[in-house]
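Right, one structure below, let's go through it.
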Amino acid sequence: MPPSPTFASIEAMLAFDRKHVWHPYSSIVDPPPVFPVASASGAHIELEDGRKLIDAMASWWSAIHGYNHPRINGALHDQISKMAHVMFGGLTHRPAAELATRLIDITPAPLDRVFFADSGSVSVEVAIKMAIQFWASRGEPAKQRLMTVRGGYHGDTFGAMAVCDPVTGMHGLFSNALPEHIFADRPAIPFTANWSADAFTNLEHTLREHCNEIAAVIIEPIVQGAGGMWFYHREYLRHLRHLCDELGTLLIFDEIATGFGRSGKLFACEHADVAPDIMCLGKALTGGYMSLAATLASADVAESISCGDPGVFMHGPTFMANPLACAAATASIDLLLESPWQENIARIESTLRTNLAPCAKLPAVNQVRTLGAIGVVELEDAVDMHRIPQMFVDRGVWVRPFGRLVYVMPPYIITDQELTTVTSAIADVLRDPPLV
Ligand SMILES: Cc1ncc(COP(=O)(O)O)c(C=O)c1O
């Protein structure tokens with residue numbers, strides 16, 4: 001028997017939520033409006049009042065197949081009838097091993113050791129720990145710092161925050177609590193522009209200067225996500241890989257946002273044809289069903305860690321390799337690989353490019369850019385988050401901007417007609433957007 005509902009009405013639920021429940025990056029005193037969702041299916045989110053919104057966010061990069069997919073639902077039903085969870089210390093199970101085989105098969109060649117973590121941020125923490133333990137095992141314990149580029153975003157936990165952009169990230173607020181890492185300039189040359197070797201000089205000088213103290217360089221390949229929705233040139237990654245090889249520095253790719261096809265390649269690093277020593281995956285890993293992440297390492301990294309003192313890798317969360325999440329992830333990967341995902345992404349890219357281009361002429365707009373199934377309209381000024389989501393909801397779409405960025409990364413199953421409704425709503429709202 002389902003429990004009887006606590007709230008007599010949706011209004012009562014919303015009043016409770018507003019007072020007691022924190023939402024992401026939000027005030028508990030003056031929260032912006034939230035919209036109550038009753039269900040979600042395919043590319044639609046249905047609100048409690050019956051309105052249906054076309055989803056342009058894929059729940060922050062994750063719901064790549066849309067919602068309520070029968071194949072992933074089925075995998076979860078099967079798995080829950082066996083077990084929802086068991087500890088991973090001293091035990092193992094088919095869902096974890098099955099998923100690990102898939103991840104090893106589809107990620108670049110040297111990555112064949114898998115550590116399952118609970119969320120993207122935690123997988124970044126794990127990657128950082130791997131890099132530091134690697135050097136400690138190799139007798140170079142001084143290599144404890146990370147290097148990264150400005151404009152990055154790697155998560156909200158302390159280790160991850162410390163490698164987010166130092167200005168737009170949370171460094172100011174937590175400065176005394178964060179380790180100090182080393183930052184190079186943002187990769188300045190756009191994805192489609194002509195390459196110029198000068199663009200790499202700043203990183204090269206900085207890494208050469210500090211390589212004796214740097215455990216690893218961490219970077220989002222090709223697409224800088226929450227730190228600015230910026231698409232940079234593939235040559236940058238190639239130069240970075242060469243330099244790390246020359247100096248013996250580990251390279252971590254954070255593919256948490258870009259993994260599983262979003263940029264037009266299964267993993268964004270494939271645009272540059274380079275592989276990292278450590279890779280973080282999350283978000284779309286389970287098709288957006290539940291929280292699961294993975295940190296993959298090369299055999300060299302994993303074995304070095306395990307050969308040094310204390311002979312083990314020092315991480316092991318309670319819900320590591322949760323069988324339900326692993327079953328959802330395996331179903332999601334199989335579904336993706338069996339689908340014409342490249343065609344879908346190319347179709348979405350072309351529709352976004354055509355339909356968003358006219359926005360570039362609007363006075364409020366600074367730049368429009370698209371890559372794969374990602375469309376970005378960068379404004380001159382930040383939008384008013386108390387008002388703008390409502391304007392999109394009024395137009396039947398779910399678009400949630402942040403700061404100066406109105407961006408979409410829809411489920412891959414979205415139709416051209418649905419996408420056109422989304423892009424028309426964006427053009428309409430941005431004609432006269434409410435600003436802060
Ligand atoms: C590139 C990147 N890394 C890490 C994270 C953090 O992932 P999570 O929110 O699952 O902790 C995100 C989330 O937006 C991300 O985009």
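Remember, it's 1-based here, ligands and their atoms both numbered in the order they're listed.
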| task | Verify salt bridge (charged side-chain N to carboxylate O under 4.0 Å, His left out) between R241 and D273, making sure each step is shown before the conclusion. | result | CA-CA 10 Å; R241 179 70 268 181; D273 215 7; over 6 Å; no
| task | Would you check ligand 1 and list the protein residues that come within less than 4.0 Å of it by any heavy atom, ordered by chain and number? | result | S119, G120, S121, Y153, H154, G155, E220, D254, I256, A257, K283
| message | Could you tell me if E125 and T157 have a donor-acceptor pair between their side chains, going purely by distance under 3.5 Å? | response | yes
| request: Salt-bridge test for E349 and R353: reply yes if a basic N is under 4.0 Å from a carboxylate O, no otherwise. | output: yes
| field | Salt bridge present between R404 and D381 (N-O < 4.0 angstrom) | value | no
| query | Going by atom types alone, do Y67 and D55 pair a side-chain donor with an acceptor below 3.5 Å? | reply | yes
| Between S332 and H65: side-chain donor-acceptor atoms closer than 3.5 Å | yes
